[in-house]
There are 2 protein chains.
Amino acid sequence: MSKSLRATRQRHAIKKAFEQTGRPLGPKEVLDLASQEVPNLGIATVYRNIKTMLEQEELETIDLPGQPSRYFPKQDKTSRNRSTPLFLCQKTNRVYFVDPSEIELQIARLPSNFVVDHSEVILYGECTSNN
Amino acid sequence: MSKSLRATRQRHAIKKAFEQTGRPLGPKEVLDLASQEVPNLGIATVYRNIKTMLEQEELETIDLPGQPSRYFPKQDKTSRNRSTPLFLCQKTNRVYFVDPSEIELQIARLPSNFVVDHSEVILYGECTSNN
DNA sequence: ATCTTTGCAAAACCTTTGCACTGCG
DNA sequence: CGCAGTGCAAAGGTTTTGCAAAGAT
């Protein structure tokens, strides 16, 4: 049984931030966005809500090498899996999802004692324009 | 020309720590190991030396999603290939370098406002035997 | 003697926690 | 009301920086 959650302005604003941007957000990004709606929102509240939403499996963690964790609303389990390619804009430090069908990864011969379970592709570059 | 570096006990102990373990180390691990040789070694000195060694390309950064940065002695200073694929054994948590020639990554069409600089491929799986 | 390097402490970050207060149910 | 949730400030944890002193060349 999941524990009772109350509908607060803060929680609503935080969810809205995730839903409206469509890309993984870090706690500070969430704070900035949600603060527009709830001015005195505290960063601790953001952290606590992210933690709760992770426990509820409403969010998933998006980790990139050398980067602090970001979070994103969990999709329908079929629509996206953990090997979705990611694009990190090195200018804005924003992360975007890349259409997996645009990426082809081929693995030839690895040493026979290596068995691959899954893989991850991360693109680094720059995004122009785009608010 | 590279800037002049002095041979200090601290720097020597830090290099030795990397060379003797043969695996990527984090700053705290380096401190613990090198402190055996230089008791009053400070963590700031470790950070500064790692930074210097990175600039000298004596070390390279090994970053994996969701894990703190570790550092590893660079074998070949001429091949500064930051997109070498990595294999993470999920059983031993060890990282191996994968021969890039065994990996082929093709990127079809991205949104026109995304320009890719470089990419990273991480394979997750298991390695058997191979101490 | 010069000038890099060090140790220490403080600062700068990021994330978590304690606590009294707010406000949902 | 009762108690989950919040804001604030303080506390941890990690990495960086300022500065006087140590030490390599």
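- Only B:N40, B:L41, B:G42, B:A44, listed by number, bring a heavy atom of residues 29-44 of chain B to less than 4.0 angstrom from any atom of DNA chain C.
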| message | Before you tell me yes or no, could you show the steps for A:F72 and A:F97 under ring-ring contact (aromatic ring centres under 6.0 Å, His included), namely the whole-Å CA-CA distance, both residues' side-chain angles and the distance that decides it to 0.1 Å? | response | CA-CA 11 Å; A:F72 193 74; A:F97 293 108; 4.5 Å; yes
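- Taking all atoms of both residues into account, the shortest heavy-atom contact from B:P73 to B:F18 is CG-CB, 3.9 Å.
- Atom-to-atom, NE2 of A:H12 to C1' of D:dG5 comes out at 17 Å; the value is rounded to the nearest Å.
- Here B:R109 pairs with A:E102 in a salt bridge; the nearest charged N to carboxylate O distance falls below 4.0 Å.
- Remark: the B:T61 side chain and the B:D63 side chain contain no N/O donor-acceptor pair separated by less than 3.5 Å.
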Pick out the pairs of N or O atoms, protein on one side and nucleotides 20-22 of chain C on the other, that lie under 3.5 Å.
none

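- A salt bridge links A:E126 with A:K91: at least one charged nitrogen is closer than 4.0 Å to a carboxylate oxygen.
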Report all side-chain donor-acceptor pairs from residues 31-40 of chain A shorter than 3.5 Å, counting only partners two or more places apart or in another chain.
{"from": "A:D32", "atom 1": "OD1", "to": "A:K28", "atom 2": "NZ", "distance (Å)": "3.2"}
{"from": "A:D32", "atom 1": "OD2", "to": "A:K28", "atom 2": "NZ", "distance (Å)": "3.1"}
{"from": "A:S35", "atom 1": "OG", "to": "A:L31", "atom 2": "O", "distance (Å)": "2.6"}
{"from": "A:E37", "atom 1": "OE1", "to": "A:K16", "atom 2": "NZ", "distance (Å)": "2.9"}

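- For the pair A:K28 NZ and C:dC14 P, the computed distance is 8 Å after rounding to whole Å.
- The salt bridge (charged side-chain N to carboxylate O under 4.0 Å, His left out) search around A:E29 returns A:R23, not counting sequence neighbours.
- Taking atom CE of A:M53 as the reference point, atom P of D:dA4 lies 19 Å away to the nearest angstrom.
- Atoms CG and CE, on B:L5 and B:M53 in that order, are 10.0 Å from each other to the nearest 0.5 Å.
- Both A:L41 and A:I43 are part of a single hydrophobic cluster, where members link through side-chain heavy atoms under 4.5 Å apart.
- Atom CD in A:Q10 sits about 14 Å away from atom C1' in D:dC8, given to the nearest Å.
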| task | Would you mind building the protein contact string for nucleotides 19-25 of chain D? One character per nucleotide, 5' to 3', B for base within reach (heavy atoms under 4.0 Å), S for sugar-phosphate only, - for untouched. | result | ----BBS
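- A:Y71 has its OH atom 11 Å from the C1' atom of C:dC14, to the nearest Å.
- Here the C1' atom of nucleotide D:dA4 and the NZ atom of A:K51 are 15 Å apart, to the nearest Å.
- B:Y124 is linked by a ring pair (Phe, Tyr, Trp, His ring centres under 6.0 Å) to A:H118, counting only residues two or more places apart in sequence or in another chain.
- Closest heavy-atom contact between B:Y96 and B:C89: CE1-CB, 4.4 Å.
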